[in-house]
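Taking it in order: structure first as structure tokens, then the write-up.
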2 protein chains.
Amino acid sequence: MTVTEMPAGGVTISAAAELSGLSVDTLRYYEKEGLTLHRPERSSSGQRRYTEDNVRWLGTLVMLRKTGMPIRDIKRFVDLYRIEGSEPQRLAILQAHRVHVLEDLNEVQTHLDAINRKIDYYEEKVLNA
Amino acid sequence: MTVTEMPAGGVTISAAAELSGLSVDTLRYYEKEGLTLHRPERSSSGQRRYTEDNVRWLGTLVMLRKTGMPIRDIKRFVDLYRIEGSEPQRLAILQAHRVHVLEDLNEVQTHLDAINRKIDYYEEKVLNA
DNA sequence: GCTTGACCTGGAGTGCGCTCCAGGGGTCAT
DNA sequence: ATGACCCCTGGAGCGCACTCCAGGTCAAGC
């Protein structure tokens, strides 16, 4: 299943987990922590039903987490969505995060260069052995 | 102080911390975990004295940690240095790690693109408000 | 109507990588 | 010789982000 071919009534938590790449437990954990933009509706028997929007937001959460934003900061970001006209603040958070990510990428890239040099050194050493 | 202008007798743990960018506690922790190639010598009163080589190795540890290698894996890598002729294995670990780092960089880059798109969206929205 | 399996909740447990602390030196300037 | 510092050890504690568990509900298939 892809996110665009989701049934109208929404999907179960396990399907949402697969679609988002998160675990079922993590989905419930994120919801408990208030990271969901809107909590998924419940079926008549109380089970969560994730809509396309719900799943899309999970994608945003993954994006922020994988780029190293802590849960606490994501919480602040989500909370702004509940405040009318907070777009400038949301933008500011994203821009600041972008800077962090770029710095991080840069640092990792520098260390990667060092790894490559070490590999070169060993490749020569091993080849001439 | 830079690593090339270190006194011959070695430097204290706090100096080594500054030079490496790690904390004093982390230095002792790494040593406890067996991540040091050679344990630093001790002064007559039992204090650690880090040589240039010691500090250079700390740089390697930082390189591996900052690129996401777990302590456990670094331990395995260091242990190979105690085995004669283990250069091929050390090389293999570095090559495998390199692949991981590249995959990671790639993933982060992809998420960064998504962040940029979100920023673009908000910039337009905020500008036209 | 019984089993199976996915789901529910609240809360405890885990792994990682540090970080901090108590209690105790040694060294050096005043 | 007193105080200020830095250092030592073993071990406890912490923050983060999950992950797991017990005990229970519900729907569907046989």
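Predicted model, so just to flag it, every value in this text is computed and none were measured. Chain naming here is simple, since letters A, B, ... match the order of the sequence lines and numbering starts at 1 in each.
Distances shorter than 4.0 Å separate some side-chain N or O of A:Y30 from OP1 or OP2 on D:dC18.
In this structure, B:S23 contributes its side chain and B:T26 its backbone to a donor-acceptor pair below 3.5 Å.
Taking the six-membered ring where tryptophan is involved, the planes of A:F77 and A:W57 are essentially parallel, since the angle between them stays under 30° and well short of 60°.
In this structure, A:V99 is not a member of the same hydrophobic cluster as A:L64, with clusters built from ILVMFWY side-chain heavy atoms closer than 4.5 Å.
Of the two residues contacting DNA chain C, namely A:V24 and B:S23, the nearest-nucleotide position lying further toward the 5' end is that of A:V24. Between A:R72 and B:A15, the one whose closest nucleotide on DNA chain D sits nearer the 5' end is B:A15.
A heavy atom closer than 4.0 Å to some atom of DNA chain D occurs in A:S45, these being the qualifying members of residues 32-63 of chain A.
Residues satisfying the side-chain contact (heavy atoms from CB on, under 4.5 Å) test with B:E84, not counting sequence neighbours, are none. With sequence neighbours left out, A:E52 forms a salt bridge (Lys or Arg N to Asp or Glu O under 4.0 Å) with A:R56. Taking B:R28 as the reference, nothing meets the side-chain hydrogen bond (donor to acceptor under 3.5 Å, both in side chains) condition, with sequence neighbours excluded. With sequence neighbours excluded, no residue forms a side-chain hydrogen bond (donor to acceptor under 3.5 Å, both in side chains) with A:T110.
Rounded to whole angstrom, the span from the CG atom of B:D25 across to the C1' atom of D:dC6 amounts to 13 Å. The distance from atom CD of A:E31 to atom P of D:dT19 is 17 Å, rounded to the nearest whole Å. Distance, B:L27 CG to D:dT9 C1': 16 Å, rounded to whole Å.
Here chain A contacts DNA chain C (any atom closer than 4.0 Å to a heavy atom, that is under 4.0 Å), and the contacts span C:dC7 to C:dG11 from 5' to 3'.
B:K118 and B:Y122 are not linked by any side-chain donor-acceptor pair at a separation below 3.5 angstrom, with hydrogens and angles left out of the test.
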